[in-house]
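Report on one structure; see the data block that follows.
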There are 2 protein chains.
Amino acid sequence: MDKYNEPLDTIFHALADPTRRAVVQCLVKGPAPVKELAAPYNMALPSFMKHISVLEQAGLIASQKQGRVRTCTFNPDKLAAAEQWFEQQRAIWASRFDNLDNLLTTLQGETDET
Amino acid sequence: MDKYNEPLDTIFHALADPTRRAVVQCLVKGPAPVKELAAPYNMALPSFMKHISVLEQAGLIASQKQGRVRTCTFNPDKLAAAEQWFEQQRAIWASRFDNLDNLLTTLQGETDET
DNA sequence: ATTATACTTATCCATACGGCTAACTATAAT
DNA sequence: ATTATAGTTAGCCGTATGGATAAGTATAAT
């Protein structure tokens, strides 16, 4: 059964790793070649390349080879897609008190809310 | 080596699964018992409970047992923490053109930007 | 007192993940 | 022409993940 069929699956999975988040955090500042991105990590290149592939397949970054150097660039679209999901949840959460029934039900369990 | 030491690791990993995202999406509307949350999924209860545990250990939800029923509630703090990471990246990405050097460097590769 | 409900605990299983090394390819650099 | 650089390809390995079943526990319902 095809896991990661939904885009959000791949995106969140890609971001669930500290190395990969750091790579994104580096690429939002501007494009960079793989070698440069890999430098800070005490990791074999093939291992690092897997992270790059995961990010690329998630659509969070793109890459192109020129000569023997592969340069990676950040792609803002997919990050925005993930952010949207958060906004959705926050919107629903914020609208909890829209009707009185919800309010009363909720207040039975909690007293400290923003 | 302790993976998932950083909160964001656990949070994003928790959200990388469609079932777990759906549970969150359900709980933002209000608290619900495990049985009710599990109903839509054709999944054995122990399997489903694992998802609940993952969400709870990530801090995205909380749960308490009353009688034989365990009721789950959404916790907005951790979701906000994750959202912050996105905002950070977006901020850095938006400030790419702050100095001319970056602008010129970047324009070499791209021509269509928002 | 018995039975049904709502989990819980304990295993088990196949696959995915994150790391590695070794060997290969292709492009600079000398 | 040789050598160094920057990836790439192909395996291997231990652990984690997402699912399952089977049996147990504690609480409500009858």
Side-chain angles (χ1 to χ4, degrees), chain A residues 1-24 26-27 31-73 109, chain B residues 1-24 26-27 31-73 109:
Chain A
M1 52 193 76
D2 43 305
K3 276 203 335 180
Y4 300 141
N5 44 353
E6 289 195 51
L8 285 183
D9 291 21
T10 14
I11 294 173
F12 282 131
H13 169 247
L15 296 177
D17 181 279
T19 303
R20 291 194 290 259
R21 276 201 311 281
V23 168
V24 170
C26 189
L27 288 177
V34 168
K35 197 71 194 304
E36 190 184 312
L37 289 169
Y41 308 98
N42 194 18
M43 190 184 292
L45 238 200
S47 310
F48 186 79
M49 284 300 298
K50 280 190 190 176
H51 288 301
I52 296 292
S53 298
V54 169
L55 286 169
E56 195 164 7
Q57 281 178 31
L60 290 165
I61 71 172
S63 80
Q64 51 190 358
K65 210 171 177 180
Q66 203 162 356
R68 59 185 170 176
V69 173
R70 177 172 294 277
T71 301
C72 301
T73 57
Chain B
M1 54 194 79
D2 45 304
K3 277 202 337 179
Y4 299 142
N5 44 354
E6 290 196 52
L8 284 182
D9 290 22
T10 14
I11 295 173
F12 282 131
H13 168 247
L15 296 176
D17 180 279
T19 303
R20 290 195 290 260
R21 276 202 309 283
V23 168
V24 170
C26 190
L27 288 178
V34 168
K35 196 69 193 305
E36 189 184 313
L37 289 168
Y41 309 98
N42 194 20
M43 189 183 294
L45 237 201
S47 308
F48 185 78
M49 283 299 298
K50 281 191 190 174
H51 288 300
I52 297 292
S53 299
V54 169
L55 287 169
E56 195 164 5
Q57 281 179 29
L60 290 166
I61 71 172
S63 80
Q64 50 190 359
K65 210 172 179 180
Q66 204 163 357
R68 60 186 169 178
V69 173
R70 176 172 294 279
T71 302
C72 302
T73 57

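Being a predicted model, the structure only gives us computed values, none of them experimental. Lettering follows sequence order; numbering is per chain, from 1. The basis for the numbers below is simple: all heavy atoms, side chains too, and nothing from hydrogens, waters or symmetry mates.
At whole-Å resolution of the value, CE in A:M49 and P in C:dC17 are 17 Å apart. Atoms CZ (A:R70) and P (C:dA26) sit 14 Å apart, rounded to a whole Å. At whole-Å resolution of the value, CG in A:D17 and C1' in D:dA16 are 13 Å apart. Note: NE2 (B:H13) to C1' (C:dA16) measures 11 Å, nearest angstrom. If you take CD of A:E56 and C1' of D:dT8, they are 14 Å apart, rounded to a whole angstrom. As rounded to whole Å, 14 Å separates atom C1' of C:dG18 from atom CZ of A:F48. What separates CG of A:L15 from P of C:dC17 is a distance of 14 Å, to the nearest Å.
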Which donor-acceptor pairs under 3.5 Å do the side chains of residues 40-54 of chain B make with protein atoms, sequence neighbours left out?
residue : atom : partner : partner atom : Å
B:H51   : ND1  : B:R20   : NH1          : 3.1
B:S53   : OG   : B:M49   : O            : 3.1

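When every heavy atom of B:T19 is checked against every heavy atom of B:D17, the shortest pair comes out as N-OD1, 2.8 Å. Across A:L55 and A:A14, no two heavy atoms sit closer than the pair CD2-CB, 4.2 Å. Of all the heavy atoms in B:T71 and B:P31, the pair that sits closest is CG2-CB, 4.1 Å. Residue A:C72 comes nearest to A:L27 through the heavy atom pair O-CD2, 3.5 Å, listed as atom of the first residue, atom of the second, then distance. Considering every non-hydrogen atom in both A:P18 and B:D9, the closest pair reads CD-OD2, 3.2 Å. In plain terms, the two heavy atoms of B:A58 and B:T10 that are nearest each other are CB-O, 3.8 Å.
Less than 4.0 Å separates DNA chain D from at least one heavy atom of each of the following residues of residues 34-47 of chain B: B:N42, B:M43, B:A44, B:P46, B:S47.
Distance check: B:E6 CD to B:F12 CZ gives 11.0 Å after rounding to the nearest 0.5 Å.
In this structure, A:L15 and A:L60 have side chains that are in contact, with non-hydrogen atoms separated by less than 4.5 Å.
At the phosphate of C:dT8, OP1 or OP2 sits under 4.0 Å from a side-chain N or O atom of B:K65. Of the side-chain N and O atoms in B:H51, none sit less than 4.0 angstrom from OP1 or OP2 of D:dT17.
In this view, B:R70 satisfies the salt bridge (Lys or Arg N to Asp or Glu O under 4.0 Å) rule with no residue, not counting sequence neighbours. Annotation: side-chain hydrogen bond (donor to acceptor under 3.5 Å, both in side chains) contacts of B:E56 (sequence neighbours excluded): B:S63.
Comparing the helix axis at one end of the helix from C:dA1-D:dT30 to C:dT30-D:dA1 with that at the other, each defined from 5 consecutive pairs, gives an inter-axis angle of 20° (nearest 10°).
Applying the 3.5 Å distance criterion, the base of D:dG19 shares a donor-acceptor pair with the side chain of B:K50.
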Could you list the protein-to-nucleotides 26-30 of chain D atom pairs, N/O on both sides, closer than 3.5 Å?
residue : atom : partner : partner atom : Å
D:dT27  : O2   : B:R68   : NH1          : 3.0

